[in-house]
Amino acid sequence: MRALVLCGALTAALAATSAHAQIDITGEWATKAHEDFDDRVPGDVQGDFTGVPMNDAARRFAESWDVTRVNLLEHQCQPYNVAHIFRGPMQFRIWTEKDPATQSIISYREYLGTYQQFRTIWMDNRPHPPDYVPHTNMGFSTGEWHGDILTVTTTHIKKEFYRRSGIPSSDRTTLVEHYIRHGNLLSHVMIITDPVYLTEPYLNSEEFVQMERGNQNWLYNCEYVMEVPMDKNRVPYYLPGMNPFIQDYAKKFGLPFEAVFGGAPTTYPEYEPKLEQLMKGR
Amino acid sequence: MSAHRNIGRRLALASCAAALTAFAGQAFAQPRAPASAPASPKAGAPIDLTGYWVAVVSEDWRHRMATARKGDYESLPLNANGRRTAGDWNLDADNAANMQCKAFGVGGLIRQPGRLHVTWSDDDTLRVDFDAGTQTRLLEFASTAQPSGEKTWQGFSRAQWQRPPQAGGGPQRAQIGNNTGPIAPGGGGRGQRGGPELSPALAEGGSLKVVTTNFRAGYLRKNGVPYSESASITEYFQRLPDAANGDVYLLVITIIEDPTYLNEPFYTSTMFKREANGAKWNPTPCRTAPPPAGTQQTRAPEPLPR
Amino acid sequence: MRAAPKSAPSLRRATAARRVAAAALASLVVVSGGVRAQSGSPFDGTSPARASYSASDKDARSGMDRAERTVDGVETYHVQGNVYMLIGAGANVAVQTGADGVLVVDTGGAAKRAAVLAAIRRLSSGPIRWIVNTSAEADHTGGNETISQAGQTVNGNPAAIIAHENVLARMTEANRPITELPLNTFFEPARDFYFNGEAVFLYHPANAHTDGDVFVYFRGSDVLVSGDLFTTTQYPVIRADQGGGVDGLVASLNQMLDIAVPKYLQEGGTYVIPGHGRVCDEAELIDYRDMVVIVRDRIRNLAAQGMTLQQVLATKPALDYDGRYDNPRGPWTSAMFVEAIYRDAGKTTSGKQRAAVK
Amino acid sequence: MRMNWKIVLPAACLMLMAAFGVRAHHSFTATYFEDREITIEGKLLQFMFRNPHSFVHIEAPGDDGQMHRWAVEWGGAGALAGQGVTNQTLRAGDVVKITGNPGREAGDYRLRMQYLRRDSDGFEWGKKPGETFQ
């Protein structure tokens with residue numbers, strides 16, 4: 001009997017070491033926004049800066065941010081950049097481009113339904129371009145596999161936002177992504193460094209489920225029109241200290257604004273008791 | 001009887017031999033498999049999860065760092081029963097009933113701001129201590145380990161390593177990128193079916209799959225959003241490739257299926273950053289800070305299906 | 001002048017967007033059909049310029065790799081159509097080539113003039129006919145003599161140098177040799193001519209970076225060359241002592257915005273070669289415009305409250321952009337930018353604030 | 001991992017609607033006073049059935065009694081199409097009554113569409129389930 005037990009244990013140990021994970025990330029994937037839904041899908045009141053390691057420059061930008069600036073002709077069709085677009089509700093397709101001579105993967109390609117963006121993730125070890133070439137919304141990406149994790153590094157990204165609440169991103173952003181698949185779930189990690197607006201890397205992770213029926217209404221035509229009658233060259237903004245809506249989120253959810261606007265220190269466990277103190281009596 | 005015992009022994013030895021043969025075959029047949037076959041989950045761990053890890057709360061901040069108001073169910077695929085039950089949450093009643101740890105059970109603990117201390121308690125058991133709520137989880141690799149009769153906050157966790165195909169005899173050709181070296185001439189230059197040599201990086205790493213059962217009902221979030229004893233909880237612990245600045249990150253993907261309160265699988269992924277030591281390790285008792293006064297109206301569920 | 005009426009850009013945008021939407025289906029079919037990935041597809045988020053950046057780093061247009069495109073630190077980069085950018089010569093240099101010869105916008109600093117000429121020669125052996133100076137700055141005009149003398153107009157003279165008449169005045173004041181001077185000047189708001197198969201527009205925005213600025217638009221290639229009215233490396237330089245002013249600068253950026261049309265969702269279409277820095281499109285141009293307007297208005301608001309320059313500087317009125325555009329070691333710092341706007345504001349504010357400026 | 005596709009697939013489809021109907025470069029809640037409503041009535045000048053959001057321009061009086069060009073922000077073309085609205089649904093010259101949330105920007109004559117009625121044929125939008133996308 002002892003022999004049987006020993007054998008069972010040994011066999012179990014072997015089984016435990018023999019499972020193989022998925023590595024094929026191609027297919028069509030749809031967002032599951034089970035984290036930060038209100039920010040990522042419909043958008044909430046102005047002023048959700050929680051969890052972002054923003055610096056003082058980003059705070060000043062956010063204080064000046066007037067959401068109606070996006071109504072300007074040249075802004076209204078500006079897509080989310082690659083460091084932001086995965087946060088929204090999205091379906092995207094991944095497929096491979098293979099070298100016919102070797103069947104090795106030259107690149108992964110992505111078509112992102114939101115804003116109809118295309119990406120190429122080069123797998124052939126090519127260098128990133130020099131600084132003087134144009135930056136794009138999707139940037140320039142190179143990838144490499146580490147076991148079952150596809151790690152992608154993207155540079156040459158156009159400036160945009162980390163949040164629609166006015167947390168800016170700069171054109172010096174570097175995005176590192178990790179694609180991880182388990183069954184029909186694709187986890188997508190974003191580690192964002194931005195020396196202009198962040199004090200430390202900004203960490204995001206999103207989940208996508210594989211779509212059984214894909215390719216539905218994936219086109220996005222945005223037409224520039226004068227949405228709201230205004231001087232074409234007017235730039236909506238608030239002078240420092242004059243933004244009447246910046247604390248709306250803090251007020252709506254009973255949070256101290258200094259915590260909502262606090263940046264990196266508020267993202268670590270040590271901040272929890274401080275926050276409780278700040279919230280006492282609210 | 002003795003004859004039976006003999007038969008039993010013979011069967012046991014035969015199956016053991018078969019298992020060992022299969023194991024040896026797996027371990028040595030593939031050039032890119034680890035040189036020495038893992039003798040135990042600890043010795044053969046494809047990734048090192050041990051050490052101190054701190055949660056970086058950059059997502060769901062108001063639900064994790066703060067205690068959201070009752071009625072704030074943002075992002076959750078709750079069904080009507082889940083909403084009704086969450087609507088009955090009463091922190092004072094929980095405290096009076098000595099149920100402070102309900103928000104620190106296996107279904108919600110990973111989302112609490114805190115630190116993990118991961119160690120091997122033996123060759124087959126990975127121990128994860130949480131300073132938030134001073135909780136301990138034991139991740140059991142050995143099939144001989146069985147849950148006790150009593151349900152606990154952390155339940156019983158069955159663990160299994162998952163390895164990339166290259167580490168265990170997957171495709172040896174170049175279809176998965178990371179190509180190095182010259183193109184093999186004639187499509188067979190290296191005795192392969194063509195294609196460049198694979199990068200060793202393809203054999204790196206792996207993940208830890210954990211399925212937990214036998215747990216007490218608890219809260220998904222501090223503000224009383226429930227999960228039931230019959231929920232299915234599956235986790236994947238992923239150590240991410242080291243960042244260029246030297247940071248090391250751990251991602252924990254959690255999938256909770258609970259028809260009692262949820263109308264679809266509930267997915268979260270939680271990021272931790274490695275710390276050099278336990279200098280900031282700060283065990284605290286199970287305790288939930290009171291939410292702001294009032295009840296939060298959560299907007300209509302919107303695109304999430306009802 | 002032939003500048004489009006104000007409403008034209010939005011109409012063009014709508015048309016472009018419809019074109020794009022219609023073509024998108026076809027593009028999807030092709031791209032998802034497993035065709036080997038090529039940057040420069042209308043919707044792949046890359047520009048034709050980026051398309052030239054391949055693994056071998058060969059420029060699709062010139063066929064030269066990066067080493068071949070580099071002469072003594074001056075690199076050549078194909079932007080779009082007939083237009084190239086030379087980087088590393090001080091200010092950016094734009095080169096248009098074609099059957100009629102070569103047109104050069106700005107000639108870089110004197111130290112790199114030989115390299116600029118050699119780089120131009122690698123692009124074309126045709127005659128250098130025209131040189132345009134976008135301002136009188138030394139890092140934009142230092143190669144005038146070398147490039148001009150190497151060129152030839154149809155009547156056999158060295159290549160003609162065109163600029164606004166105020167540029168000639170400033171270079172004359174600076175005792176620059178006659179061989180460096182832009183003797184083909186104009187004074188009107190815009191001038192245009194046809195060269196290498198496309199219309200070339202020279203626009204003179206009044207009192208912007210200086211009082212002699214010119215930006216160039218190649219209509220066929222769809223490339224703007226902004227001079228120092230727009231850069232990606234620093235705050236705009238406003239030279240009040242040379243007739244520059246922040247309102248004129250904003251007006252010049254708005255004028256460029258009216259001309260620039262994105263290909264799809266603020267990407268591609270019209271490309272802009274800035275005075276310094278990387279190739280951009282309309283998206284970066286408008287962000288820069290927004291920045292100048294916002295910082296200008298903050299400073300004017302503070303000046304209107306009677307704050308001294310030091311008090312204004314203490315509020316860091318450009319804090320949200322300093323991480324991107326400030327160069328604390330110069331030559332043009334955030335403080336200099338703020339002071340230029342403050343003194344500019346002083347021109348239009350009350351005597352009390354003018355006194356505070358002193 | 002077990003996956004309930006009966007739930008996941010509709011979720012994906014609905015998410016798709018969200019992608020085109022809700023996610024714009026600004027948040028409605030941050031742009032309009034969602035706790036306030038006003039009603040205007042006037043002649044439709046322009047119907048822009050488009051992405052990221054559709055707009056209806058109406059000539060109607062403001063608080064000052066003067067006629068103004070009101071911009072009423074509606075859903076994106078993708079979301080509205082899913083609710084049976086087409087680019088022919090409204091036409092210039094239609095007299096319509098619109099109730100919506102006023103914009104937060106003082107001086108802007110803009111609303112976020114909540115309810116529209118055209119008396120000439122009784123066409124209504126915004127009351128029946130499925131005719132609002134948020």
Side-chain angles (χ1 to χ4, degrees), chain A residues 3-5 7-14 16-21 23 32-38 41-42 50-51 89 101-105 123 144-149 151 176 178 180 182 185 187 189 191 201-205 207 253-255 266-269 271-272 275-276 279 282, chain B residues 9 12 15-16 19 23 26 38 40-41 44 54-62 65-66 74-75 113-115 141-144 160-162 164-165 168 170 174-179 183 194-196 201-202 204-207 236 238 240-241 243 251 253 266-269 271 289 292 302-303:
Chain A
L4 275 175
V5 171
C7 179
L10 180 53
T11 313
L14 302 185
T17 63
S18 62
H20 290 174
I23 59 163
K32 299 303 291 183
H34 289 168
E35 298 173 42
D36 295 319
F37 180 91
D38 287 357
V41 182
T50 57
T102 66
Q103 285 304 298
S104 61
I105 290 177
M123 301 294 291
E144 60 180 355
W145 282 100
H146 293 275
D148 281 351
I149 299 177
T151 299
V176 172
H178 300 290
I180 301 163
H182 291 290
L185 182 69
S187 295
V189 175
I191 300 171
Y202 177 33
L203 312 180
N204 281 160
S205 58
E207 272 56 52
F253 295 104
L255 298 164
T266 68
T267 66
Y268 291 97
Y271 193 75
E272 197 178 19
L275 177 62
E276 184 177 354
M279 291 180 70
R282 292 180 78 89
Chain B
R9 281 203 193 86
S15 54
C16 255
F23 178 71
Q26 180 212 355
S40 71
V54 60
V56 182
V57 186
S58 57
E59 299 174 299
D60 278 350
W61 189 92
R62 83 169 186 258
M65 192 59 71
E74 185 203 12
S75 310
R115 287 176 167 79
F141 287 78
S143 63
T144 49
Q160 181 187 55
W161 291 122
Q162 297 197 310
Q175 282 86 333
I176 41 187
N178 278 28
N179 308 326
I183 305 292
L202 292 168
E204 287 177 7
S207 64
Y236 295 92
Q238 305 271 171
L240 303 178
L251 178 74
I253 301 162
F266 173 50
Y267 305 103
T268 56
S269 48
M271 290 285 282
E302 292 161 4

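Below, read A as the first sequence line, B as the second, and so on, with proteins coming before strands; counting in each chain starts at 1.
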### Task
Measure up the Trp61(B) and Tyr271(A) rings against each other and bin them: parallel (under 30°), tilted (30 to 60°), perpendicular (over 60°).
tilted
### Task
Give a yes or no answer on whether the side chain of Ser75(B) reaches the backbone of Asp36(A) with a donor-acceptor pair at less than 3.5 Å.
yes
### Task
May I ask you to test the Val54(B)-Pro269(A) pair for a side-chain heavy-atom distance under 4.5 Å?
yes
### Query
Can you tell me how far the CD atom of Gln238(B) sits from the CD1 atom of Ile149(A), to the nearest 0.5 Å?
5.0 Å
### Message
With a 4.5 angstrom heavy-atom cut-off, is it the side chain or the backbone of Glu276(A) that approaches chain B, or both, or neither?
### Response
side chain
### Task
For residues Val189(A) and Met271(B), determine if any side-chain heavy atom of one lies less than 4.5 Å from a side-chain heavy atom of the other.
yes
### Query
Got a second to check how far Glu204(B)'s CD is from Glu144(A)'s CD, nearest 0.5 Å?
8.0 Å
### Message
Could you tell me if the side chain of Val56(B) sits less than 4.5 Å from the side chain of Tyr268(A), heavy atoms only?
### Response
yes
### Message
Would you call the rings of His34(A) and Tyr267(B) parallel, tilted or perpendicular, taking 30° and 60° as the class edges?
### Response
parallel
## Note on the structure
Turns out that what part of Glu59(B) lies under 4.5 Å from chain A's heavy atoms comes down to both
### Task
Determine whether Ser207(B) and His182(A) make a side-chain contact, defined as any pair of heavy atoms from C-beta on separated by less than 4.5 Å.
yes
### Query
Can you check whether Ile180(A) reaches Leu240(B) side chain to side chain, under 4.5 Å on heavy atoms?
yes
#### Entry: Side-chain (Ser58(B)) to main-chain (Leu203(A)) donor-acceptor, under 3.5 angstrom
yes
### Query
How long is the span from the OG1 atom in Thr50(A) to the CZ atom in Arg62(B), to the nearest 0.5 Å?
8.0 Å
#### Entry: Region of Ser205(A) that comes under 4.5 Å of a non-hydrogen atom in chain B
both
### Message
Using heavy-atom distances under 4.5 Å, tell me whether Glu207(A) contacts chain B through its side chain, its backbone, both, or neither.
### Response
side chain
